[in-house]
Amino acid sequence: MAQAPKISRIEAVVNISSGGASAQDAEDMRALLSAYGAHANVQVADGGEIERRLRSAVDTAPDLVVILAGDGTARAAADMAGPTGPLIAPLPGGTMNMLPHAVYGAVPWREALTGALERDIGGGLIEGRSFLVAAILGAPALWAPAREAVREGQLRLAFARMRRAWRRAFSGRLRYALDDGPRGKAEALAFLCPLASTALDNEAQSLEAAVIDPQSVGEAARIGFKALVDDWRNDPAVSAGPCHRARVWAASRVPAVLDGEPIWLGSSASVDWRPQVARLLAPAEEAR
């Protein structure tokens, strides 16, 4: 049976601008970690200072870095720590919390933090950026910035981003090649890690690649509806299977979302499976 790792030095970063964490959560975390007898330094970050706070936390080489923030902050911490750095505990403190829910289940952060074990997590790598849950490449990724603007209350900006996403839909398809397969074209590609995929178990040694290629607005809406009531991968406009390496290219920069964080890639990118992206503090599988 796996044993809980020995943890004495803890760095914690609470991002109070992530939409689901507050300064009171930081105080509660100090009290919780102190009750367990751990030496913990809890930093509160807001907006533009988050990267500096994360870097200072990781660079002190603690036994554990606790992140109470959104998926983008957790992904950045995992990138900084890498497969040989300190353990990462990505707790739900954002709006979507895809990574924490995949690791711990949909539970409050206090419950997720207790009774966990060390676990190596496999994931993907795109142009030097890791992801542990999922990556979406193509025009659908443009809806993520609109969502962020809505969350921040910037409705005019959200509307402008929605118009931009709508104009890009079906206007520039992606070219791709999965492993040693033939080249193809698609509206979008999704790469799911074992943590998120229902087709792969958590011990799988590959990504799941989904080619999304609706031919009309109606087909795109049908995929969206299936995502709400069924498995969207069952749609005729979607084909999915295991993948270790992919190449993607387009006529211009490619919009993408990595673990909920919108980014822009160049006009070409490689996607690679990595069996060990980061070390996470995660519950035993039977506990989950």
Does any non-hydrogen side-chain atom of Leu91 lie less than 4.5 Å from one of Leu113?
yes
From CA spacing to verdict: side-chain contact (heavy atoms from CB on, under 4.5 Å), Leu137, Ile126
CA-CA 11 Å; Leu137 281 65; Ile126 298 182; 3.9 Å; yes
Tell me the closest heavy-atom pair linking Val277 and Gly122, and the distance in Å.
CG2-C, 4.1 Å
Between Pro62 and Val58 the two heavy atoms that sit nearest each other are CD-O, 3.9 Å
Side-chain donor-acceptor pair present, Ser22, Asp25, cut-off under 3.5 Å
yes
Could you tell me which non-hydrogen atom of Ala23 sits nearest to which non-hydrogen atom of Ile16, and how far apart they are?
N-CG2, 3.6 Å
Between CG on residue Leu125 and CG on residue Asp272, distance to nearest 0.5 Å
6.0 Å
Do the side chains of Val66 and Trp109 get nearer than 4.5 Å, heavy atoms only?
no
Using a 3.5 Å distance criterion without hydrogens, assess whether the side chain of Asp71 forms a donor-acceptor pair with backbone atoms of Met98.
yes
Can you tell me if Asp63 uses its side chain to pair, donor with acceptor, with the backbone of Arg9 under 3.5 Å?
yes
With rounding to the nearest 0.5 angstrom, report the CD to CD distance, Gln43 to Glu49.
9.0 Å
Is the shortest heavy-atom distance from the side chain of Met96 to the side chain of His101 under 4.5 Å?
no
Quick check: does any side chain N or O of Gln276 sit under 3.5 Å from a backbone N or O of Pro83, one acting as donor and the other as acceptor?
yes
If you define the side chain from C-beta out and look only at heavy atoms, does anything of Ser252 sit under 4.5 Å from Ser267?
no
Spacing of Arg75 atom CZ and Ile263 atom CD1 [to the nearest 0.5 Å]
7.0 Å
Supply the atom-to-atom distance Ser130 OG to Ile121 CD1, rounded to the nearest 0.5 angstrom.
12.0 Å
Is Glu127 atom CD crowded by more than 12 heavy atoms from other residues, nucleotides or ligands, each under 6.0 Å away?
yes
Flag the pair Asp79 and Arg129 as a salt bridge only when some basic side-chain nitrogen lies within less than 4.0 angstrom of an acidic carboxylate oxygen.
no
Within a strict 4.5 Å, meaning less than it, do heavy atoms of the Glu27 and Gln24 side chains meet?
yes
Can you find a pair of side-chain heavy atoms, one from Asn41 and one from Ile10, that are under 4.5 Å apart?
no
Residue pair Cys193 / Leu207: nearest heavy atoms and the distance that separates them
SG-CD2, 4.0 Å
Got a donor-acceptor contact below 3.5 angstrom from the Ser18 side chain to the Gly93 backbone?
yes
Please answer whether the main-chain N or O of Arg245 pairs with a side-chain N or O of Asp179 as donor and acceptor at a distance below 3.5 Å.
yes
Quick one: pull up CG in Leu258 and CG in Leu265 and give me the separation to the nearest 0.5 Å.
6.5 Å
Would you say that Pro90 contacts Leu99 through its side chain, given a criterion of any heavy-atom pair below 4.5 Å between the two side chains?
yes
Between the side chain of Tyr104 and the main-chain N/O of Leu281, is any donor-acceptor distance below 3.5 Å?
yes
Step by step, work out the salt bridge (charged side-chain N to carboxylate O under 4.0 Å, His left out) result for Asp213 and Lys185.
CA-CA 8 Å; Asp213 195 26; Lys185 297 180 182 180; over 6 Å; no
What is the minimum heavy-atom distance between Ser270 and Arg247, and which atoms define it?
OG-CG, 4.3 Å
If only atom types and distance count, is the side chain of Asn97 paired as donor or acceptor with the main-chain N or O of Gly94 below 3.5 Å?
yes
Would Arg175 count as a cation-pi partner of Trp249, with NZ or CZ less than 6.0 Å from the six-membered ring centre and within 45° of the ring normal?
no
Could you tell me whether the side chain of Arg30 and the main chain of Ala40 form a donor-acceptor pair under 3.5 Å?
no
Show every salt bridge (Lys or Arg N to Asp or Glu O under 4.0 Å) that has at least one partner inside residues 13-23, sequence neighbours left out.
none
Kindly indicate, with the supporting measurements, whether the criterion side-chain contact (heavy atoms from CB on, under 4.5 Å) is fulfilled by Val254 and Trp264.
CA-CA 6 Å; Val254 177; Trp264 283 91; 6.0 Å; no
Could you check if a side-chain atom of Leu68 sits within less than 4.5 angstrom of a side-chain atom of Val13, using non-hydrogen atoms only?
no
Heavy atoms only: give me the nearest Ile88-Ala77 pair and the separation to one decimal.
CD1-O, 4.0 Å
If we ignore hydrogens and angles and just use 3.5 Å, is the side chain of His244 paired with the main-chain N or O of Gln205 as donor and acceptor?
yes
Which distance, rounded to the nearest 0.5 Å, do you find between the CD1 of Ile212 and the CD1 of Ile136?
6.5 Å
